[in-house]
Structures are given as structure tokens and as C-alpha cells.
Amino acid sequence: MNFRLAVIPGDGIGPEVVNQALKVLDRVASVYGHTFEKVNLLAGGCAIDETGEPLPKVTVEECLKSDAVLLGAVGGSKWDNLPGNKRPEQALLGLRGQLKLYANLRPAVVYEQLKDACLLKAGNTSDIDIMVVRELTGGIYFGERGRRDSEMGQQAFDTEVYSTYEIERIARIAFDIARKRKSRVTSVDKANILESSRLWREVVTQISKDYPDVELNHLYVDNASMQLIKDPSQFDVILTTNMFGDILSDEASMITGSIGMLPSASLGDGNFGLYEPVHGSAPDIAGQDKANPLATILSAAMMLRYTLNLKKEADAVEKAVNRVLEEGYRTGDIMSPGKTLVGTQKMGDMVAGFIE
Ligand code: IPM
Ligand code: MG
């Protein structure tokens with residue numbers, strides 16, 4: 001089949017890791033007889049340098065004309081002093097908002113071959129298999145913000161706002177996913193303080209009635225962040241707001257010790273989606289052939305599975321990644337004694353070579 005992919009390499013290690021994912025996709029295309037037509041687009045710091053804007057209009061237009069978007073990473077200290085609405089991160093918020101990608105799926109799993117990298121010593125760490133379902137186009141990220149004068153000097157404010165409709169649609173996604181996993185949803189909020197969280201809890205509880213086979217519990221976010229460290233294996237699906245999901249997904253990914261391995265998907269209604277690694281642009285190692293491309297390669301696998309409906313092909317990519325790990329190849333971030341250290345490109349070559 002023929003697919004059109006919008007490719008946004010971005011900044012820092014973004015271009016390097018995206019190139020490896022494209023290499024793997026090219027191999028998939030030739031083995032399985034597909035064509036991936038790729039459109040290279042600017043977003044983030046590189047877009048600011050070339051066009052003055054973090055998210056040029058044409059980037060959004062081309063994404064909308066494509067079947068899926070593959071993104072590397074954006075940002076870097078070079079652009080840190082720009083005003084808030086001109087920073088590279090605005091590109092991500094703009095893409096999420098304009099492409100209506102309200103559901104962010106961030107799996108946090110411990111790879112059997114990388115068990116030693118898991119930061120937690122206690123408990124059965126190989127049981128860690130969490131899916132964070134983060135609401136992505138609402139809440140404090142998109143609420144009204146600004147500055148105003150007050151008796152106490154200048155004030156700044158950001159508003160957390162959620163509507164029933166927004167909570168319902170993300171809750172349904174979480175319950176649907178839980179059904180395909182261990183049928184447990186933990187909804188995380190701050191309902192002891194925030195009115196928006198009280199509505200969140202009411203609506204999630206209401207929606208859960210349509211899913212009697214899925215077990216629902218609620219946690220306050222402070223407790224959830226503690227429980228994640230104490231016993232991460234208690235979690236299956238974590239359903240939460242934009243802001244809490246930002247924080248908890250970083251925490252969940254780090255305890256696995258495999259942050260360089262974790263993919264993510266951002267979805268809306270329909271099949272369209274944006275796929276990117278969970279990690280950032282890591283400017284400190286950019287251009288040195290040191291970055292781990294596996295998170296981006298696995299993001300491409302998620303794209304094959306969720307958007308393009310190519311299940312066999314997605315399985316083949318995931319199998320190839322497992323095979324590379326089994327044979328002992330490691331980038332620096334996941335290196336351990338007795339294994340073979342490889343660079344970004346070699347890692348991409350190895351995965352591509354194992355696609356069958
Ligand atoms: C993420 C990032 C972004 C976010 C930033 C870069 C805007 O931290 O994708 O988690 O806060 O959502
Ligand atoms: Mg984040």
C-alpha cells in the first residue's frame with residue numbers, strides 16, 4: 001500500500017534518530033511491498049532559525065495532508081531566552097492543538113533484556129508495564145494565561161480548565177485500552193483541592209459505568225507519584241490530565257531505566273496520529289552518533305500498528321528490536337558490562353537488517 005508520512009526531525013538528536021526510523025521503515029517497505037512517501041518538515045528551533053516561527057503554517061498543512069506524522073524532538077538551550085510564545089516547545093503545543101491530538105499514549109515498560117537498568121531494586125521490576133494516557137489538548141496547557149498588575153506587584157496566571165466533553169473522550173480511550181491490557185484504570189487528579197479535578201473524577205466515574213469489566217480507582221497526584229516509586233507494578237492504565245500526565249509520564253519512564261527505549265503516540269478521532277520518542281532533544285550528545293534510536297524506531301512501529309493498520313509489519317519491527325537487544329547490542333545509555341557498544345547508525349542498520 002501507499003502511505004504519505006510527514007516527517008519532522010526537529011532539533012538536537014532528533015534528525016539522527018528519525019533517520020534510523022526511516023531506514024527501518026524503508027526496509028519494511030521493501031520487504032512487505034509498501035511505499036512510504038515522505039515529506040520533510042520544519043518545526044521547533046530549526047524552524048525558528050529558518051523562518052522565525054517555531055511552527056510554520058505549511059508544516060501544519062502538510063501534516064493534515066498526510067496519513068501520520070513522525071517527529072524526533074524539539075528544543076535546546078540555544079532558544080531558551082526567547083519569549084514564551086516563540087519557543088520551540090510552542091511547535092509541539094501547536095501541532096497537538098491544530099491536529100486535534102487529544103490522547104497521548106506513553107507506555108512505560110521494563111525490557112526483559114534491560115532489567116538491570118531498572119532503577120528500583122525492590123519488588124518484581126519485570127512486572128512494570130504501565131500505559132500513561134495523558135489528555136493532551138486541554139487543561140492548564142491550553143487555558144487562559146497572562147499577566148496583570150496587583151497590589152502585590154505583577155501577577156501571572158495560568159488556568160486549568162476542563163469540560164465534560166474533553167474528559168469523556170479521553171476517559172473512553174483509557175477504558176478501551178485497559179480492556180486490551182489488564183483491565184485496570186487508575187485516574188489521577190487533585191480532587192481534594194481543584195474544582196476541575198472534581199469534575200474530572202465525576203465524569204470518569206460516570207463513564208466507567210459503561211465499562212463494568214474494567215476496575216477503576218482514583219488517586220491524588222501526590223500519592224500517585226509516591227505509589228509509582230513504591231510499587232509500580234500495581235498500575236496498568238494511568239488516566240490523567242495534561243499537566244499531571246506530563247510529570248507522571250516522565251517519572252514512569254525513568255523508573256524503567258529505559259527512557260531511550262520508550263515510544264509515544266498522540267491520537268485524535270480517526271486513525272491519524274503523531275508518533276515521537278518520549279525522550280527529548282539531548283543537545284549535549286547531538287551529532288555524535290551516540291543517541292539511542294530505538295525509541296523512535298518503536299514509535300514508527302506504533303505508527304504502523306495504530307494509524308496504518310499494518311500489524312504484521314509493526315510486529316516485525318518490534319521483533320527486530322528485541323533481537324538486537326538479545327544479541328547484546330547497546331547504545332551508551334543502556335550499555336552494561338559484556339555487551340557490545342554501538343552508535344546510532346549502527347543500531348539503525350542492525351534493526352533494519354533483522355526485519356523479515
Ligand atoms: C512532553 C514535553 C512537552 C510537554 C514540552 C516540551 C512542551 O515535556 O512532551 O512531555 O510539556 O508536553
Ligand atoms: Mg514532558
Side-chain angles (χ1 to χ4, degrees), residues 8-15 17-18 42-48 53-55 59-60 63 69-108 130-143 145 158-162 166 170 188 221 224-225 228 238-256 258-268 273-284 286 291 295-296 298-299 302-303:
I8 305 180
D11 307 314
I13 59 171
V17 293
V18 163
L42 287 174
C46 56
I48 297 174
E53 292 295 325
L55 183 61
T59 296
V60 176
C63 287
V69 185
L70 183 67
L71 188 143
V74 301
S77 52
K78 181 178 171 195
W79 304 281
D80 271 354
N81 294 322
L82 293 169
N85 60 350
K86 290 282 176 208
R87 291 173 58 105
E89 289 82 355
Q90 277 306 310
L92 287 181
L93 296 196
L95 283 168
R96 292 168 184 173
Q98 293 179 60
L99 304 177
K100 301 190 170 62
L101 303 169
Y102 60 84
N104 185 212
L105 314 187
R106 297 189 168 182
I130 303 168
M131 179 68 88
V132 178
V133 177
R134 169 189 177 191
E135 199 289 328
L136 202 59
T137 53
I140 200 164
Y141 274 63
F142 287 84
R145 70 178 99 253
D158 301 271
T159 323
E160 172 87 349
V161 44
Y162 269 113
E166 289 174 305
I170 191 71
V188 175
V221 63
S225 69
L228 262 172
I238 293 178
L239 160 64
T240 192
T241 61
N242 205 342
M243 176 77 148
F244 296 156
D246 178 44
I247 300 165
L248 293 179
S249 63
D250 264 27
E251 187 186 351
S253 64
M254 200 60 217
I255 56 179
T256 68
S258 327
I259 187 152
M261 302 286 304
L262 300 175
S264 77
S266 302
L267 308 170
L274 179 148
Y275 297 83
E276 62 179 318
V278 163
H279 63 70
S281 60
D284 52 319
T296 313
L298 290 166
S299 300
M302 280 183 103
M303 175 180 87

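Residue numbers start at 1 and run along the sequence shown. Side-chain atoms are counted along with the backbone in the values below, which use heavy atoms only and exclude waters and symmetry mates. Order of listing sets the numbers, starting from 1, for every ligand and every atom in it.
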Open item on the list: Regarding R87 and D80, does a basic nitrogen lie under 4.0 Å from an acidic carboxylate oxygen?
Closed with: yes

Task: Shortest protein heavy-atom distance from atom 10 (O) of ligand 1, along with the residue and atom involved - done: D246 OD1, 2.9 Å

Open item on the list: Tell me whether the count of non-hydrogen atoms from other residues, nucleotides or ligands lying under 6.0 Å of CG in N81 goes above 12.
Closed with: no

Task: Option among L274, L71, L99, L55 that satisfies the side-chain contact (heavy atoms from CB on, under 4.5 Å) test with C63 - done: L99

Open item on the list: If we count only N and O atoms by modelled type, under 3.5 Å, do the side chains of S266 and N104 hold a donor and an acceptor together?
Closed with: yes

Task: Distance filter under 4.0 Å to E89 heavy atoms, resulting ligand 1 atoms - done: 6 (C), 7 (C)

Open item on the list: Whether R134 engages the ring of Y141 as a cation-pi pair (distance to the six-membered ring centre under 6.0 angstrom, angle to the ring normal within 45°) should be assessed.
Closed with: yes

TODO: Provide, to 0.1 Å, the distance between atom 4 (C) of ligand 1 and the closest protein heavy atom, together with that atom's residue and name.
DONE: Y141 OH, 3.5 Å

Task: Gap between atom CD of E276 and atom CG of L262 - 0.5 Å precision - done: 12.5 Å

- [ ] Determine whether the side chain, the backbone, both or neither of R96 has a heavy atom under 4.0 Å from any heavy atom of ligand 1.
- [x] side chain

Open item on the list: Using a 3.5 Å cut-off on N or O atoms only, is R134 in polar contact with ligand 1?
Closed with: yes

Open item on the list: Taking 2.8 Å as the cut-off, does D250 contribute an N, O or S atom near the Mg ion (ligand 2), distance below it?
Closed with: no

- [ ] For the residue pair E53 and K86, establish whether any side-chain heavy-atom pair is separated by less than 4.5 Å.
- [x] yes

TODO: Have a look at D246 and say which of its N, O or S atoms is nearest the Mg ion (ligand 2).
DONE: OD1

Open item on the list: Can you tell me which portion of R106 lies within the under-4.0 Å heavy-atom range of ligand 1? Options are side chain, backbone, both, or neither.
Closed with: side chain

- [ ] Give the atoms of ligand 1, by number and element, whose distance to some non-hydrogen atom of L92 is under 4.0 Å.
- [x] 6 (C)

